[in-house]
Q: 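Okay, handing you the structure first.
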There are 2 protein chains.
Amino acid sequence: MRQMIAAAVQIACSDEVEANLDKLETHVREAARRGAQLVVLQELFESVYFCMDEDEKHKARAKPLAGHPTIARMAALARDTGVVLPISLFERDGTRLFNTLVMIDADGKVLGHYRKSHIPDSPGYSEKLYFADGDTGFRVFETAAGKVGAGVCWDQWFPEAARAMVLMGAEVLVYPTAIGSEPSFPGWDSRDHWQRVMQGHAGANLTPVIAANRVGVERGESCEIAFYGSSFITDHTGAKLAEADRVSDGVITAALDLDAIAEARRSWGVFRDRRTDLYGMLTTPTPERLLADKAA
Amino acid sequence: MRQMIAAAVQIACSDEVEANLDKLETHVREAARRGAQLVVLQELFESVYFCMDEDEKHKARAKPLAGHPTIARMAALARDTGVVLPISLFERDGTRLFNTLVMIDADGKVLGHYRKSHIPDSPGYSEKLYFADGDTGFRVFETAAGKVGAGVCWDQWFPEAARAMVLMGAEVLVYPTAIGSEPSFPGWDSRDHWQRVMQGHAGANLTPVIAANRVGVERGESCEIAFYGSSFITDHTGAKLAEADRVSDGVITAALDLDAIAEARRSWGVFRDRRTDLYGMLTTPTPERLLADKAA
């Protein structure tokens with residue numbers, strides 16, 4: 001039996017990088033004390049969620065991965081605690097900016113990075129101003145804790161991404177996230193919708209999902225968002241094994257038997273019975289009738 | 001506002017065709033009294049679930065669609081009640097046998113048929129002996145009640161099928177089903193897993209799902225299955241709007257505002273942001289490591 005104890009951490013962020021990292025470190029150490037081998041942190045934890053506003057000045061926040069001080073600090077933390085740490089950063093690569101996840105192994109080595117493929121754009125979540133569409137394709141990392149498929153936030157809404165990562169060998173799927181209220185729809189709460197879609201990925205792929213989402217109310221220049229936390233970990237049928245609340249900093253953990261899950265994934269039969277000959281339309285552009293930018 | 005009142009019916013089946021149809025007719029008429037425009041019936045409702053056993057004799061149950069007496073009776077019922085009726089039959093086409101859904105419109109006209117694409121095979125569900133892989137591809141039918149994407153049972157486990165049908169224009173997804181206990185895993189209950197996967201399809205595609213599943217304990221020659229009913233209807237976020245119990249014959253209904261849902265489907269942005277350039281691996285054969293028949 002290969003057991004993975006998985007964890008997710010959620011915190012409220014300020015715009016002081018070191019203070020955010022200090023908070024995260026406390027929770028990562030707590031997760032490690034509980035035996036966690038993989039600790040998922042939320043999206044873009046270095047700062048407030050600046051995408052709330054559309055302002056060129058925020059592009060100055062992006063940094064190259066080479067020599068990135070946060071990678072250095074988190075790599076040292078990973079090595080010290082022996083946990084795998086996927087971390088989410090605003091990356092500058094020449095003139096191109098990406099929403100990037102860096103996978104740090106349990107010995108502190110950087111295994112590689114993944115650039116967010118699906119970029120959202122709606123009031124309060126103006127990411128298309130800041131992030132180019134990722135150009136790495138989906139990535140699965142062979143870590144000390146197991147094979148980890150890594151998506152970032154909006155990726156979590158796409159069954160195609162989840163399926164692709166499992167086909168590539170992922171044993172768990174992780175999703176750093178920043179989601180909360182909708183500034184243009186006061187009172188609208190997407191929390192359960194958000195969870196159900198990922199529970200569906202877990203169930204359809206017989207692969208556990210670990211999602212970490214920020215908490216706290218953040219006020220931008222044009223709007224505010226109440227991030228709803230509710231970080232969670234599912235089993236391979238999509239059932240929630242652990243869940244954080246909507247407002248508190250904290251850590252959740254759950255134990256996963258990766259060998260038993262791999263056997264369930266094979267024996268359930270869905271991967272045997274896929275009809276790849278019928279899926280061609282998934283790779284053709286989406287019909288206009290479904291395109292929001294045409295409807296606007 | 002285009003409102004669709006959707007219904008699902010579940011019954012326990014015997015091997016007396018007319019008795020099963022009589023029961024279904026009672027429930028379809030009740031659904032129509034409640035305003036239903038679309039009534040989803042369970043899979044292979046003409047008979048017991050014969051796939052429990054592997055026995056060539058059951059192949060004699062298959063009939064051609066042309067002149068099929070059940071299609072004639074259900075078409076008359078559809079016309080009389082004004083409801084759209086997708087019906088599930090064991091079809092013979094020359095020497096080929098299929099698990100086929102026939103879509104009957106509210107005026108009793110047959111709009112076409114869909115042959116189940118994904119065929120399961122596990123103890124108690126030996127469908128590969130009886131049904132060839134469907135050769136129609138996924139189908140969406142323009143009915144009087146709206147555009148209906150139709151899958152059959154095992155199809156419901158595949159995110160690819162749900163996505164394809166919505167890309168083809170489906171406004172709701174329907175799944176006639178026959179699922180219950182697992183003869184080789186006594187005590188294992190897949191009910192919540194089954195529901196979560198389809199709730200995920202609804203949420204990821206912002207498209208309601210209507211699933212009808214049989215009830216009753218059926219004893220075959222080699223095993224028995226307790227079918228768990230739990231037919232349900234979701235909204236476009238995957239939330240359950242109506243749900244039947246695990247054991248009773250009955251009908252459930254729910255009202256869907258198709259125009260409001262179409263707007264939510266567009267405005268949520270997932271169809272704008274799909275990365276079809278990255279989905280190519282979904283159409284390539286599944287890796288051996290994930291193939292149950294290789295592992296066996």
Side-chain angles (χ1 to χ4, degrees), chain A residues 117-122 133-134 137-138 154 157-164 166-169 190 192-194 196-205 237-239 263 265-287 289-293 295, chain B residues 117-122 133-134 137-138 154 157-164 166-169 190 192-194 196-205 237-239 263 265-287 289-293 295:
Chain A
S117 300
H118 301 94
I119 309 296
D121 203 65
S122 62
D133 286 358
F138 306 119
W154 196 229
W157 291 88
F158 295 82
E160 295 92 340
R163 182 68 107 199
V166 176
L167 290 171
M168 293 168 72
S190 66
D192 294 347
H193 186 188
W194 172 76
R196 277 192 293 265
V197 170
M198 281 181 281
Q199 291 178 274
H201 300 333
N205 293 290
T237 73
E263 177 52 27
R265 192 181 305 120
R266 278 193 302 270
S267 70
W268 196 243
V270 286
F271 288 98
R272 177 196 60 200
D273 296 334
R274 295 179 70 238
R275 290 290 306 276
T276 52
D277 56 317
L278 299 182
Y279 302 159
M281 83 184 71
L282 300 181
T283 65
T284 60
T286 297
R289 138 192 83 67
L290 288 168
L291 295 176
D293 44 4
Chain B
S117 300
H118 301 95
I119 308 296
D121 203 64
S122 62
D133 286 357
F138 306 118
W154 195 229
W157 291 87
F158 295 81
E160 296 92 340
R163 182 67 108 197
V166 175
L167 290 171
M168 293 168 73
S190 66
D192 294 347
H193 187 189
W194 172 75
R196 277 192 292 266
V197 170
M198 280 181 281
Q199 291 178 273
H201 300 333
N205 293 289
T237 73
E263 177 53 26
R265 191 181 303 121
R266 278 193 301 271
S267 70
W268 196 244
V270 286
F271 288 97
R272 177 195 59 201
D273 297 332
R274 295 178 71 238
R275 292 290 305 277
T276 52
D277 56 318
L278 299 182
Y279 303 158
M281 85 184 70
L282 299 182
T283 65
T284 60
T286 297
R289 139 192 83 67
L290 289 168
L291 295 177
D293 44 2

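Convention: sequence-line order gives letters A, B, ...; per-chain numbering from 1.
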Q: Between B:Gly134, B:Ala161, B:Ser122, who has the most heavy-atom pairs with chain A when the cutoff is under 4.5 Å?
A: B:Gly134
Q: At a 4.5 Å cut-off on heavy atoms, which part of A:Ile119 comes close to chain B: side chain, backbone, both, or neither?
A: backbone
Q: Any idea which of B:Pro287, B:Ala239, B:Pro159 has the most non-hydrogen atom pairs under 4.5 angstrom with chain A?
A: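 Most pairs with chain A among the choices: B:Ala239.
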Q: Under the criterion side-chain contact (heavy atoms from CB on, under 4.5 Å), I'd like the reasoning laid out for A:Thr284 against B:Thr276: C-alpha separation, chi angles, the key distance, then a yes or no.
A: CA-CA 6 Å; A:Thr284 60; B:Thr276 52; 6.0 Å; no
Q: For the atom pair OG1 (B:Thr237) and CZ (A:Arg196), what is the distance rounded to the nearest 0.5 Å?
A: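 Going from OG1 on B:Thr237 over to CZ on A:Arg196, the span is 4.0 Å.
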Q: Contact part of B:Leu278 toward chain A, heavy-atom cut-off under 4.5 Å: side chain, backbone, both or neither?
A: both
Q: Determine the interplanar angle of the B:Tyr279 and A:Phe138 rings, folded into 0 to 90°, and report it as parallel if under 30°, tilted if 30 to 60°, perpendicular if over 60°.
A: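 Ring orientation of B:Tyr279 relative to A:Phe138: parallel.
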Q: Measure across A:Val270 and B:Phe158 and return the closest heavy-atom pair with its distance rounded to 0.1 Å.
A: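 Of all heavy-atom pairs spanning A:Val270 and B:Phe158, the closest is O-CE2, 3.1 Å.
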Q: Do A:Trp268 and B:His193 have side chains that get closer than 4.5 Å, going by heavy atoms?
A: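 SC-SC contact between A:Trp268 and B:His193 confirmed.
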Q: Check each atom of B:Met198 against the heavy atoms of chain A and say whether the ones under 4.5 Å are side chain, backbone, both or neither.
A: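 Contact with chain A is absent: no heavy atom of B:Met198 under 4.5 Å.
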Q: Identify the two heavy atoms, one from A:Val166 and one from B:Arg289, that lie closest to each other, and give their separation to 0.1 Å.
A: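 Heavy-atom minimum between the residues: O-NH2, 3.6 Å.
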Q: Identify which part of B:Asn205 has an atom lying under 4.5 Å from any heavy atom of chain A, answering side chain, backbone, both or neither.
A: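 No part of it gets close to chain A.
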Q: Return the option, out of B:His201, B:Met168, B:Gln199, B:Arg265, with the maximum number of heavy-atom pairs under 4.5 Å with chain A.
A: B:Met168
Q: Please state whether the side chain, the backbone, both or neither of B:Asp192 comes within less than 4.5 Å of a heavy atom of chain A.
A: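 No part of it gets close to chain A.
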Q: Does B:Arg274 reach the main-chain N or O of A:Glu160 with its side chain, forming a donor-acceptor pair under 3.5 Å?
A: no
Q: Passes side-chain contact (heavy atoms from CB on, under 4.5 Å), B:Arg272 versus A:Thr286? Steps please.
A: CA-CA 7 Å; B:Arg272 177 195 59 201; A:Thr286 297; over 6 Å; no
Q: Tell me, for B:Trp194 versus chain A, whether the close heavy atoms (under 4.5 Å) come from the side chain, the backbone, both or neither.
A: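 Neither the backbone nor the side chain of B:Trp194 comes within 4.5 Å of chain A.
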Q: Counting heavy-atom pairs under 4.5 Å to chain B, which of A:Ala202, A:Ala164, A:Gly200, A:Gly280 comes out on top?
A: A:Ala164
Q: Would you say that B:Leu282 contacts A:Leu167 through its side chain, given a criterion of any heavy-atom pair below 4.5 Å between the two side chains?
A: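 They are in contact (side-chain heavy atoms under 4.5 Å apart), so the answer is yes.
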Q: For A:Phe271 and B:Leu290, which heavy atoms make the closest approach, and how far apart are they?
A: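 Looking at all heavy atoms of both residues, the closest pair is CB-O, 3.2 Å.
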Q: Sort B:Asp277 into side chain, backbone, both or neither according to what part of it lies under 4.5 angstrom from a heavy atom of chain A.
A: neither
